[in-house]
Amino acid sequence: FSVLISCGFCGEYGGGDGTADNPYQIASVEHLGELGKTQSDYESHFILTADLDMGGMVYTRAVISPDLNDVEWGPQCGTVFNGVFDGGGHTISNFTAENRSVCYLALFGHVEEKGVIKNLHLVDANVKGDKTASCLAAFFLAVDPMHITFSRQAIQEVHTIFFFILGTLLAVLSIRD
């Protein structure tokens with residue numbers, strides 16, 4: 001006797017076990033969303049295995065490591081991303097987020113010292129936020145900046161404290177058209 005259950009996405013990544021030698025594979029926007037919902041994996045290793053087009057969706061909180069409280073200003077209330085996200089040279093395009101009432105609005109809300117984001121292309125991102133907002137990481141202490149590229153459009157429409165992040169990024173990134 002056997003039972004086969006089929007679903008478009010069953011709550012797993014595209015493969016891997018989250019270790020450095022066998023990172024979780026992110027092959028779809030659904031996998032990226034699963035990473036965002038699975039805070040217990042925020043210290044694991046991930047690799048992007050395909051280009052992702054996030055068009056058609058407007059996010060109101062960070063996809064990964066969102067701030068979970070709605071206070072106007074204060075420390076991030078949520079789980080911090082301390083894992084490794086290797087873009088594998090792939091592109092995430094058309095990421096759009098808008099919410100002027102939350103902090104830490106970005107693809108990654110909060111990345112700490114042990115967290116690494118590398119080998120990633122972020123193209124045509126649009127974030128409209130207030131307080132701490134950015135296209136890639138609203139607050140970060142350890143992004144591998146030499147391996148991330150942005151289009152110029154990726155740094156438009158972000159307000160207030162973005163000057164901190166923008167200054168840091170411009171100091172170490174090559175921004176290309």
Side-chain angles (χ1 to χ4, degrees), residues 9 13 26-39 41-42 46 48 50-83 85-88 90-112 115-145 147-170 173 175-177:
F9 182 73
Y13 305 113
I26 305 295
S28 68
V29 174
E30 292 80 12
H31 292 157
L32 194 65
E34 185 66 18
L35 166 55
K37 292 185 286 188
T38 312
Q39 296 179 6
D41 287 343
Y42 282 6
F46 298 87
L48 190 61
D51 293 342
L52 302 184
D53 184 348
M54 298 181 78
M57 178 71 177
V58 177
Y59 294 86
T60 58
R61 294 194 185 275
V63 176
I64 300 160
S65 187
D67 188 12
L68 300 176
N69 85 28
D70 290 324
V71 297
E72 189 169 317
W73 181 249
Q76 200 258 15
C77 182
T79 304
V80 172
F81 184 80
N82 270 318
F85 189 91
D86 183 345
H90 291 285
T91 298
I92 294 177
S93 60
N94 301 309
F95 169 65
T96 302
E98 184 170 354
N99 189 342
R100 297 188 192 279
S101 63
V102 299
C103 295
Y104 303 93
L105 183 63
L107 187 61
F108 288 81
H110 193 150
V111 181
E112 282 284 344
V116 175
I117 302 169
K118 63 182 182 177
N119 302 319
L120 177 64
H121 304 280
L122 186 61
V123 176
D124 295 330
N126 185 9
V127 174
K128 296 178 183 177
D130 203 10
K131 312 294 184 265
T132 47
S134 175
C135 294
L136 179 64
F139 183 85
F140 63 91
L141 296 177
V143 175
D144 184 352
H147 297 96
I148 301 170
T149 58
F150 294 91
S151 69
R152 287 198 192 281
Q153 290 177 314
I155 58 173
Q156 296 174 357
E157 295 289 339
V158 183
H159 306 288
T160 310
I161 298 192
F162 183 70
F163 69 86
F164 166 75
I165 296 160
L166 179 62
T168 303
L169 288 175
L170 290 177
L173 292 177
I175 298 179
R176 53 181 198 153
D177 292 323

Enquirer: Please check if the side chain of Asn99 supplies one atom and the backbone of Thr60 the other of a donor-acceptor pair under 3.5 Å.
Expert: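 Yes; judged by distance alone, with no hydrogens or angles, the pair exists.
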Enquirer: Please report the interatomic distance CG(Leu120) to CZ(Phe85), rounded to the nearest 0.5 Å.
Expert: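 If we round to the nearest 0.5 Å, Leu120:CG and Phe85:CZ are 6.0 Å apart.
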Enquirer: State the CG-CG distance between Asp53 and Asp124, to the nearest 0.5 angstrom.
Expert: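 It is 9.5 Å, given to the nearest 0.5 Å.
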Enquirer: Output all residues satisfying side-chain contact (heavy atoms from CB on, under 4.5 Å) with Val29, sequence neighbours left out; order by chain, then residue number.
Expert: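 By the side-chain contact (heavy atoms from CB on, under 4.5 Å) rule, Val29 matches Leu52, Met54, Tyr59.
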Enquirer: Would you give the length of the straight line joining atom CD of Glu98 to atom CG of Asn126, rounded to the nearest 0.5 angstrom?
Expert: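 Going from CD on Glu98 over to CG on Asn126, the span is 7.5 Å.
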Enquirer: Quick one: does Thr91's side chain have a donor or acceptor within less than 3.5 Å of a partner on Leu122's backbone?
Expert: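 No.
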Enquirer: Mind checking what makes side-chain contact (heavy atoms from CB on, under 4.5 Å) contact with Asp86, not counting sequence neighbours?
Expert: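 Partners of Asp86 by the side-chain contact (heavy atoms from CB on, under 4.5 Å) criterion, ordered by chain and then number, come out as Ile47, Lys118, Asn119.
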Enquirer: Specify the closest pair of heavy atoms between Pro66 and Arg61, including all atoms of both residues, with the distance to one decimal.
Expert: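 What the structure gives for the nearest pair is CB-CB, 4.1 Å.
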Enquirer: Identify the two heavy atoms, one from Ala27 and one from Ala50, that lie closest to each other, and give their separation to 0.1 Å.
Expert: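 Heavy atoms only, the tightest pair is O-CB, 3.9 Å.
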Enquirer: Tell me the closest heavy-atom pair linking Asn82 and Glu112, and the distance in Å.
Expert: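 Scanning both residues, the minimum pair turns out to be OD1-CB, 3.0 Å.
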Enquirer: How many angstroms lie between atom CD1 of Ile64 and atom OG1 of Thr38, to the nearest 0.5 angstrom?
Expert: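 With rounding to 0.5 Å, CD1 (Ile64) is 10.5 Å from OG1 (Thr38).
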Enquirer: Once the angle between the rings of Phe81 and Phe46 is folded into 0 to 90°, is it parallel (under 30°), tilted (30 to 60°) or perpendicular (over 60°)?
Expert: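 Tilted, since the angle between the ring planes falls between 30° and 60°.
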Enquirer: Quick check on side-chain contact (heavy atoms from CB on, under 4.5 Å): which of Leu107, Ile26, Asp51, Val63 does Ile92 satisfy it with?
Expert: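 That would be Leu107.
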Enquirer: Go through the steps to decide whether Tyr42 and Val80 satisfy the test side-chain contact (heavy atoms from CB on, under 4.5 Å), and finish with yes or no.
Expert: CA-CA 7 Å; Tyr42 282 6; Val80 172; over 6 Å; no
Enquirer: If you look at every heavy atom in Thr79 and Ser65, which pair is closest and at what distance?
Expert: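 Closest approach of Thr79 to Ser65: O-OG, 2.6 Å.
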